[in-house]
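Taking it in order: structure first as structure tokens, then the write-up.
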Amino acid sequence: MSKIQRGVSLYSFQEEMFLGQMSVEDVLAFASSIGAKGIEILPEQNMPTFPHIDDAEVARWQEMLARHGAHFTCYDMFLDTKLRKGETLSDAEQVESIRRDLVLCNRLGIRNMRVLIFVRPDILEKCVPYAEELDVHMGVEVHAPWHLEHAWILRTIDVADRLGTKHLGILPDMGVFMKHYPPEFRARFERQGARPEVAQFIVDQHEQKIMCEYTIYEVAVKMGGNKAEIAMAETLRHAPYANPKRIKDYAPWFRHIQAKFYGMTEDCTDPAIAYEDVIPELVKCGWEGTLSSEYEGNRWIQDVMPVDSREQVRRQHVMFERLIARAEAQREIV
Amino acid sequence: MSKIQRGVSLYSFQEEMFLGQMSVEDVLAFASSIGAKGIEILPEQNMPTFPHIDDAEVARWQEMLARHGAHFTCYDMFLDTKLRKGETLSDAEQVESIRRDLVLCNRLGIRNMRVLIFVRPDILEKCVPYAEELDVHMGVEVHAPWHLEHAWILRTIDVADRLGTKHLGILPDMGVFMKHYPPEFRARFERQGARPEVAQFIVDQHEQKIMCEYTIYEVAVKMGGNKAEIAMAETLRHAPYANPKRIKDYAPWFRHIQAKFYGMTEDCTDPAIAYEDVIPELVKCGWEGTLSSEYEGNRWIQDVMPVDSREQVRRQHVMFERLIARAEAQREIV
Amino acid sequence: MFDKYLIDAASLRNTGPADAPTGFAFEARLGYYRGLGLSMIEKLDVSIDGNALPRAAVRFDEGGGPLTLEEMEAAYERRWPFGAPATILVDHAGGFPAGEHELALLQQLRVSYLPFPSINSDAKRVSLSA
Amino acid sequence: MFDKYLIDAASLRNTGPADAPTGFAFEARLGYYRGLGLSMIEKLDVSIDGNALPRAAVRFDEGGGPLTLEEMEAAYERRWPFGAPATILVDHAGGFPAGEHELALLQQLRVSYLPFPSINSDAKRVSLSA
Ligand SMILES: [Mn+2]
Ligand SMILES: [Mn+2]
């Protein structure tokens with residue numbers, strides 16, 4: 001059996017939950033039904049009384065998970081450094097906010113915490129003793145336009161190495177592996193007035209992996225792009241294709257993956273994110289952890305069609321099963 | 001003895017050559033005097049009759065090199081795709097221009113050609129048969145803001161791997177390893193009106209490796225930066241610190257290095273580029289090739305002081321000898 | 001990410017005496033994928049047919065009692081939860097004008113991990129069903 | 001990268017009959033770190049005291065004979081080598097004006113690997129020494 005487990009982030013169902021069409025228990029029931037038993041939560045999204053979570057609430061969640069044979073995988077933290085107008089939280093306040101989250105992780109029985117990428121490595125260093133004591137891994141989310149090799153990310157890894165701790169590292173968001181431009185992005189920009197030939201130009205430039213600033217310049221200045229076209233070109237800043245070969249080099253520093261996606265085709269393939277390259281790398285290096293669905297397609301289609309997050313997540317998991325099985329088989333042959 | 005050889009690019013002496021204060025033979029004599037026997041040329045800079053180089057001219061260069069015990073290492077090509085107003089050279093014309101350069105490399109006895117980063121991988125693919133026949137390695141210059149792992153660079157490597165050729169790869173410019181902000185940049189922006197506290201903010205942000213677009217936004221929008229301050233912040237787009245650990249992964253695809261620098265201190269250290277991290281990596285992986293000085297400091301200081309490219313290059317080579325010897329010694333111990 | 005859902009058009013109602021309304025109110029949701037502390041809500045701009053109403057005319061109540069936007073800036077212990085309706089109260093002599101008008105709401109949020117303010121906005125043609 | 005060196009101030013001279021000059025000329029260098037084919041030199045803007053002279057009044061000669069800027073655009077076989085002076089000839093009735101004036105030269109180059117034009121410029125206070 002594979003060491004790679006499957007799960008979902010509640011983030012994936014934000015459309016239905018926002019509109020009151022799904023409860024968290026509906027999400028758990030659905031996730032369980034597709035074998036995605038690992039549950040990632042955003043307490044600030046999914047726990048209305050946050051940050052005041054009493055023991056009864058903790059028990060309620062544990063019972064709900066048990067009812068569906070599910071378990072928690074990851075806690076997505078936020079850090080409101082701009083709580084007060086015109087000033088930033090002091091370092092001590094930042095550490096205290098993170099400690100609060102670590103304590104809540106521990107109470108909930110969660111061993112991975114997603115740390116927002118803007119949190120300073122020296123702040124995290126001060127939190128390591130709490131993370132160790134509470135046995136929670138703090139993983140800085142590697143989110144586009146950053147990538148696994150960005151010097152900002154390496155600073156956190158350097159801190160972890162220097163301290164020799166196993167409780168600080170990274171948490172990659174698969175959005176960094178955007179091999180092809182998402183059709184959902186293109187379609188929305190076309191609905192907003194992007195001319196098809198300009199949209200095609202942008203898609204072609206991305207396909208060729210041309211430095212995004214060149215494309216933005218071409219569209220904005222040389223082609224006299226309209227507002228939708230320029231906005232579409234600017235999405236390229238956040239659409240890097242990082243090298244999947246690096247996964248093995250960073251595997252020791254991550255234990256959980258946010259499996260970002262924007263839309264799946266009917267035959268259960270992802271037209272944008274390079275899971276076909278990523279999953280074999282994960283299998284090859286023997287990585288253990290959870291691929292946690294992070295569907296972010298709702299905002300790209302909600303203007304024109306109903307959002308069906310369940311169907312999208314279901315398709316992604318069909319793909320995961322297929323790709324994991326294929327990679328495992330390949331591995332046994334080699 | 002180390003497999004790493006030392007050399008200079010004529011690019012380093014552009015100030016003195018432009019002003020007629022040094023001839024190419026002066027450069028060769030100087031380079032040889034500091035043990036930098038490998039010579040990189042830019043024919044479009046250093047050969048006034050380019051592209052018409054007759055056999056007598058070739059012989060003149062060979063004799064000049066022999067007089068100084070030097071040898072050619074690399075030929076920096078250009079590709080004038082915009083030769084004609086309003087249209088781009090056809091693919092066939094681009095291939096023909098590159099073939100012309102490869103032939104000239106071969107006539108000059110040069111086995112490495114620096115290819116500009118904008119040259120398309122599919123054009124280079126068409127040039128591979130010529131490169132193989134003429135025994136010239138075409139190395140796409142990996143120049144900031146690109147880096148070794150950028151998807152555009154990986155496309156060329158994919159072509160090389162698919163063809164199984166040893167005559168296509170990359171040619172890293174060490175400017176991608178900018179660990180600290182160059183003091184020469186800062187000083188010039190301060191002369192142009194950047195306030196010291198804003199300049200310090202920019203330097204601090206770079207030191208922390210914060211995503212450059214954030215710093216540009218802070219300076220331009222939040223701090224109401226003046227023209228010099230915004231221009232200084234914008235240099236951060238071209239000041240990445242790529243991970244030196246990747247050098248070993250890409251060593252099979254490069255045979256020559258452009259050793260970019262902006263200024264050396266009197267005690268022969270580079271305050272900006274991470275040669276202290278880069279050279280041990282090169283030594284560890286047994287890389288064979290030439291570190292070719294590419295001094296680019298002239299444009300940052302010429303407004304306020306005379307440029308002394310010789311002294312700058314001399315200092316860099318003192319550093320190279322020191323760092324190579326130290327890394328070799330470390331290697332023998334381990 | 002939820003701009004089109006911010007204003008609950010059906011919730012629009014006048015406030016004050018029925019025969020001499022002093023304002024109107026409606027339910028709104030926060031256009032963000034998590035809840036947020038009230039102190040980080042920098043603006044709740046309400047406008048009718050493109051005319052912005054004064055900031056001082058707007059109050060907010062997520063359930064903890066009405067606050068002026070000024071008071072909200074220091075409401076460090078209160079939050080607007082994800083997907084939850086809150087009441088936007090607007091002082092407006094005579095109440096919401098008769099007939100159909102465009103009611104717009106713009107939310108400007110101070111999101112710590114973004115260098116610029118996060119802005120969500122919605123505009124809907126609404127009328128008081130009397 | 002060589003902006004301050006573009007104009008050779010000492011080379012300024014009038015052209016045409018000495019008693020009724022029809023223009024002036026000076027030596028200039030290309031502000032780029034390599035030579036460039038003439039067809040890629042898009043502009044050679046000459047101005048005196050901030051007043052631009054007409055494009056049609058300017059001619060260029062790197063040694064191959066004078067060309068109008070229009071003709072330069074198709075001069076695919078000629079190059080302006082690195083660091084080499086070339087003559088900028090300017091039609092200007094009466095020659096260069098008497099006394100000290102600011103002479104400026106702006107070069108706009110079409111550099112294939114840059115998405116935007118490369119611009120180099122120099123301005124020097126000069127006077128005819130005769
Ligand atoms: Mn994510
Ligand atoms: Mn270079």
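As the structure is a prediction and not an experimental result, all values here were calculated from the model.
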Atom [atom1] of [X] and atom [atom2] of [Y]: how far apart are they, to the nearest 0.5 Å?
{"X": "A/Leu19", "Y": "C/Arg29", "atom1": "CG", "atom2": "CZ", "value": "5.5 Å"}
{"X": "C/Phe2", "Y": "A/Gln14", "atom1": "CZ", "atom2": "CD", "value": "4.0 Å"}
{"X": "C/Arg34", "Y": "A/Glu44", "atom1": "CZ", "atom2": "CD", "value": "4.5 Å"}

- Task: Report yes or no: do C/Tyr5 and A/Glu15 form a side-chain donor-acceptor pair below 3.5 Å?
- Result: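 A donor-acceptor contact under 3.5 Å links the two side chains.
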
Subject >> Closest heavy-atom pair and its distance - A/Pro48, C/Pro81 >> reply: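 Looking at all heavy atoms of both residues, the closest pair is O-CG, 4.0 Å.
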
Contact part of A/Asn298 toward chain C, heavy-atom cut-off under 4.5 Å: side chain, backbone, both or neither?
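Side chain only.
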
Pick one of side chain, backbone, both or neither for A/Leu83, based on which atoms fall under 4.5 Å of a heavy atom in chain C.
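Both backbone and side chain.
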
Tell me whether A/Lys82 contacts the main-chain N or O of C/Leu114 through its side chain, where contact means a donor paired with an acceptor under 3.5 Å.
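Here the side-chain-to-backbone pair exists.
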
Please check: side-chain N/O of C/Lys4 versus main-chain N/O of A/Gln302, any donor-acceptor pairing under 3.5 Å?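 Checked: pair present.
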
So if I apply the ring-ring contact (aromatic ring centres under 6.0 Å, His included) rule between C/Tyr33 and each of A/Phe13, A/Phe18, A/Tyr295, A/Tyr11, which one comes out positive?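 Of the listed options, the one satisfying the test is A/Tyr11.
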
Close approach to chain C in residues 117-124 of chain A, criterion heavy atom under 4.5 Å =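 Under the 4.5 Å heavy-atom cut-off, A/Phe118 qualify.
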
Are there residues of residues 36-45 of chain C that reach to under 4.5 Å of chain A by heavy atoms, and which ones?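 Under the 4.5 Å heavy-atom cut-off, C/Leu36, C/Ser39, C/Met40 qualify.
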
Is the CD atom of C/Glu70 crowded by more than 12 outside heavy atoms at less than 6.0 Å?
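Open.
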
Residues, nucleotides or ligands: over 12 heavy atoms within 6.0 Å of A/Gln192 CD |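 Above 12, so yes.
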
- Does the cation-pi check pass for C/Arg79 over A/Phe50, that is, NZ or CZ under 6.0 Å from the six-membered ring centre and within 45° of its axis?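 Cation-pi check for C/Arg79 and A/Phe50: fails.
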
For this session: Tell me, for C/Pro85 versus chain A, whether the close heavy atoms (under 4.5 Å) come from the side chain, the backbone, both or neither.
Result: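 Contact with chain A involves no heavy atom of C/Pro85 at all.
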
